[in-house]
**Q** 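Would you mind keeping the following structure in view while I ask a few things?
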2 protein chains.
Amino acid sequence: MAVPGKTSRRAGIADVARLAGVSIGTASKALNDRGQLRDETRARVQAAAEQLGFIPSSVATSLLTGRTFTVGLIMTDHHGRFSLPILHGAEDALGWAETLAFVCDTRDDPIREQHYVRSLLSRRVDGIIVAGRRAEARPPLVLQRAPVPVVYAFARSADDADCSVVTDEAGGAVMAIDHLVRTGRRRIAHVTGPHGHASAIARVTGVHESLAAAGLSLVGEPWYGGWSEVWGRFAAAALTREHPDVDAVFCGSDTIARGVADGLREAGRRVPEDVAIVGVDNWAPVAEECRPPLTSVDLNLREVGHRAGRLLLQAIESGHTPGVHAVPCQLVVRSSSAPTLG
Amino acid sequence: MAVPGKTSRRAGIADVARLAGVSIGTASKALNDRGQLRDETRARVQAAAEQLGFIPSSVATSLLTGRTFTVGLIMTDHHGRFSLPILHGAEDALGWAETLAFVCDTRDDPIREQHYVRSLLSRRVDGIIVAGRRAEARPPLVLQRAPVPVVYAFARSADDADCSVVTDEAGGAVMAIDHLVRTGRRRIAHVTGPHGHASAIARVTGVHESLAAAGLSLVGEPWYGGWSEVWGRFAAAALTREHPDVDAVFCGSDTIARGVADGLREAGRRVPEDVAIVGVDNWAPVAEECRPPLTSVDLNLREVGHRAGRLLLQAIESGHTPGVHAVPCQLVVRSSSAPTLG
DNA sequence: TTGAAAGCGCTAACAT
DNA sequence: ATGTTAGCGCTTTCAA
């Protein structure tokens with residue numbers, strides 16, 4: 001009995017043609033449903049292809065057509081909290097293996113990035129998606145005069161002639177505040193990440209805007225600190241001391257929010273009865289394990305990736321769509337912001 | 001002024017040759033440092049290539065040589081907690097853009113997997129890495145008679161003639177227990193995930209083995225439950241009730257461990273003074289935010305990926321290395337298991 | 001030292 | 001309805 005499952009050489013279209021007793025050109029037509037062929041011939045060729053386990057080489061057709069149906073996906077955050085959803089969204093848009101993505105983790109190192117870009121260009125990718133790590137704009141990719149479409153996702157390009165897809169961070173903050181106001185909260189505080197961080201700034205803007213529209217104002221100043229739980233706990237303790245009447249806290253991240261939840265509980269406040277909490281990221285491992293589970297603003301990164309993928313395909317096929325495209329956030333309500341019981 | 005940075009068509013070697021005033025063959029030799037050429041000619045060609053921003057097409061050379069310097073990376077867990085470190089390790093092994101990886105997220109769907117495999121084969125990848133989601137063996141990939149090397153990472157192939165790289169789960173448990181015993185703990189309990197889960201089973205085996213070697217035995221039976229914090233909190237409460245003299249808990253995951261830490265604290269036990277805790281995964285967002293920060297068994301997934309990448313390259317270049325290759329775990333000590341103070 | 005030509009696997013235009 | 005041929009961009013003999 002022969003060794004199953006392996007042949008020494010991969011079957012090419014020439015082998016298929018030979019087995020089917022036709023010319024290579026005829027085989028090509030039969031396999032691609034083109035030209036005028038007798039049904040019997042078509043069937044015979046397809047049977048031969050089947051029998052040989054023939055899978056056409058896309059490298060040959062790429063050479064021919066100039067299109068590879070591959071894209072590069074450059075990611076800069078190696079923990080993948082932001083890049084992965086973007087990747088998944090992009091995969092959706094790229095049609096599940098129609099177009100395949102080379103994933104390149106640059107670890108935020110420009111040298112490595114340049115290295116990867118060159119490698120991608122040499123592989124003749126049809127386009128490149130750059131998935132950023134933060135809300136700040138990033139310098140555009142250095143393409144060596146190669147006319148390859150690029151779409152920036154999450155972190156927009158500093159050059160507005162480029163095409164970028166971002167989340168509407170300020171809009172997310174507006175959603176959070178509106179939700180709190182609509183569920184009866186009036187004394188709302190804001191605990192967030194480092195001063196000067198673009199995401200923090202955008203959210204603070206949204207917070208003020210939304211509160212002003214409701215005729216309210218923030219309890220105290222925004223509390224700037226870090227993105228950690230320990231900062232959240234610390235802030236909660238200080239907050240209840242300085243503003244005992246606070247009835248809601250909007251946090252710049254789920255991690256901070258979880259810290260705030262623990263801090264409030266330990267300060268004797270009930271969540272959500274006494275104080276409601278809303279976070280940002282809707283990051284399951286944090287939002288769902290929080291006590292109580294966290295209402296959170298989802299950044300819709302998957303949709304950002306999907307949009308980026310679609311814009312990239314469009315750029316490849318019809319043309320460039322410059323500008324910054326904002327994807328709205330989405331509020332996911334859990335127990336931490338249930339309406340006040342009273 | 002001309003539009004900068006873009007040319008309508010990509011420069012090919014023919015353009016370089018024309019600009020340098022040599023034949024295509026000569027240009028090729030000059031650019032690849034082959035053959036016998038006058039230094040001046042070589043320099044002239046390289047200058048021309050530089051000027052045109054020429055980047056050789058690897059699709060042409062792939063067609064020629066049959067090697068694409070690409071691999072497929074199939075991942076099955078879309079949150080990426082396991083796949084991402086594997087990807088990073090593999091990237092290291094694949095030489096930072098020397099060989100590029102197509103990332104395929106199958107969402108654990110066999111149909112999608114088959115789809116991706118076909119797509120990868122048509123792109124003539126040199127090999128495939130399959131990054132599994134759990135410790136259980138998985139059915140081997142269905143390759144349509146294509147002689148493409150495959151390495152399974154984390155979840156081994158059910159066929160032992162395949163090449164798999166896994167973590168030494170039992171060994172990791174041994175490390176945890178040894179650490180606890182060496183730091184003076186004697187009454188050790190084990191709280192883990194679902195009964196029947198392969199990872200849980202392997203760790204329990206290691207636990208018993210290691211305790212027996214130290215002349216000890218487990219406090220009670222292993223506590224099987226879920227992988228969540230809430231299970232950890234529940235287990236901690238029950239554990240302190242049933243075995244008040246427990247002085248250490250080894251947990252099947254960091255998430256469980258964090259729950260246990262909170263549960264113990266709320267039951268009035270001090271961690272690590274009264275009870276030490278060790279988790280598994282060394283997952284930063286959990287291990288570092290835990291109160292106190294968690295000692296944890298690192299699964300070394302990055303090394304698993306690295307090893308898988310190296311084995312794949314080896315399979316491509318020299319030959320197949322069948323069998324299951326185990327990568328040892330590594331204990332990362334933090335405060336939750338500091339030696340007893342008394 | 002350089003140029004010319006064949007060929008990698010495939011498609012498409014043209015010939016039969 | 002089927003076969004033949006040129007050529008995608010490049011490397012590599014072989015000839016000059």
**Q** Please answer whether the main-chain N or O of B/T68 pairs with a side-chain N or O of B/D126 as donor and acceptor at a distance below 3.5 Å.
**A**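 Yes, because the side chain of B/D126 sits within donor-acceptor range (under 3.5 Å) of the backbone of B/T68.
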**Q** Apply the test salt bridge (charged side-chain N to carboxylate O under 4.0 Å, His left out) to residues A/R67 and A/E317: give CA-CA distance (whole Å), side-chain angles for both, the deciding distance (0.1 Å), then the verdict.
**A** CA-CA 10 Å; A/R67 175 128 184 226; A/E317 277 150 22; 3.1 Å; yes
**Q** Salt bridge between B/E113 and B/R138, side-chain N to carboxylate O under 4.0 Å?
**A**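 Salt bridge: yes.
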**Q** At their closest point, which heavy atom of A/A17 faces which heavy atom of A/A27, and how far apart are they?
**A**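 Nearest pair, atom of A/A17 first, then A/A27: CB-CB, 3.9 Å.
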**Q** So which protein N/O to nucleotides 7-9 of chain C N/O distances come out below 3.5 Å?
**A**
unit_1 : atom_1 : unit_2 : atom_2 : d
C/dG9  : N2     : A/A60  : O      : 3.4

**Q** Quick one: which residue pairs count as a ring pair (Phe, Tyr, Trp, His ring centres under 6.0 Å) with a foot in residues 124-163 of chain B, not counting sequence neighbours?
**A**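 Every pair satisfying ring pair (Phe, Tyr, Trp, His ring centres under 6.0 Å) with a residue in residues 124-163 of chain B: B/F82-B/F154.
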**Q** Is a donor on one side and an acceptor on the other found under 3.5 Å between the side chain of A/D109 and the backbone of A/T106?
**A**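 Not a single qualifying donor-acceptor pair exists.
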**Q** Take B/S23 and A/T65, find for each the nucleotide of DNA chain C with the closest heavy atom, and name the residue whose nucleotide sits nearer the 5' end.
**A**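 Comparing both residues, the 5'-ward one is B/S23.
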**Q** Please list, in numerical order, the residues of residues 29-45 of chain A that have a heavy atom closer than 4.0 Å to any atom of DNA chain C.
**A**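 By residue number: A/K29, A/N32, A/R34.
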**Q** Can I get a per-line list of side-chain donor-acceptor pairs under 3.5 Å for residues 30-38 of chain B, giving both atom names and the distance, sequence neighbours left out?
**A**
unit_1 : atom_1 : unit_2 : atom_2 : d
B/N32  : ND2    : B/S28  : O      : 2.7
B/R38  : NH2    : B/E40  : OE1    : 3.1

**Q** Output the rounded distance in Å from CZ (A/R67) to C1' (C/dC10).
**A**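 Going from A/R67 (CZ) to C/dC10 (C1'), I get 18 Å.
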**Q** Any carboxylate oxygen within less than 4.0 angstrom of a Lys/Arg side-chain nitrogen, looking at A/R156 and A/D162?
**A**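 Here A/R156 does not pair with A/D162 in a salt bridge, since their nearest N and O are not under 4.0 Å apart.
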**Q** Counting N and O atoms only, with roles assigned by atom type, does the side chain of B/H320 sit under 3.5 Å from a partner on the main chain of B/A161, one being a donor and the other an acceptor?
**A**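 Yes, because the side chain of B/H320 sits within donor-acceptor range (under 3.5 Å) of the backbone of B/A161.
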**Q** Keeping the roles fixed (side chain from B/R10, backbone from B/S57), state whether a donor-acceptor pair exists under 3.5 Å.
**A**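 Absent.
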**Q** In plain terms, say whether B/D105 and B/R112 are close enough for a salt bridge, that is, a side-chain N and a carboxylate O under 4.0 Å apart.
**A**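 Salt bridge: no.
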**Q** Does anyone know the first and last nucleotide of DNA chain D in reach of chain A, 5' to 3', at under 4.0 angstrom to a heavy atom?
**A**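 The protein-touched segment is D/dA1 to D/dG9.
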**Q** Please answer whether the main-chain N or O of B/A198 pairs with a side-chain N or O of B/E136 as donor and acceptor at a distance below 3.5 Å.
**A**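 The answer is yes, because a donor-acceptor pair under 3.5 Å joins these two groups.
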**Q** Estimate the overall bend of the helix from C/dT1-D/dA16 to C/dT16-D/dA1 from the end axes over five pairs each, rounded to 10 degrees.
**A**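 Result, rounded to 10 degrees: 60°.
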**Q** Using only atom types and a distance under 3.5 Å, with no angle test, would you say the side chain of A/S58 pairs donor to acceptor with the backbone of B/S122?
**A**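 Pair found, side chain donor or acceptor close to backbone of B/S122.
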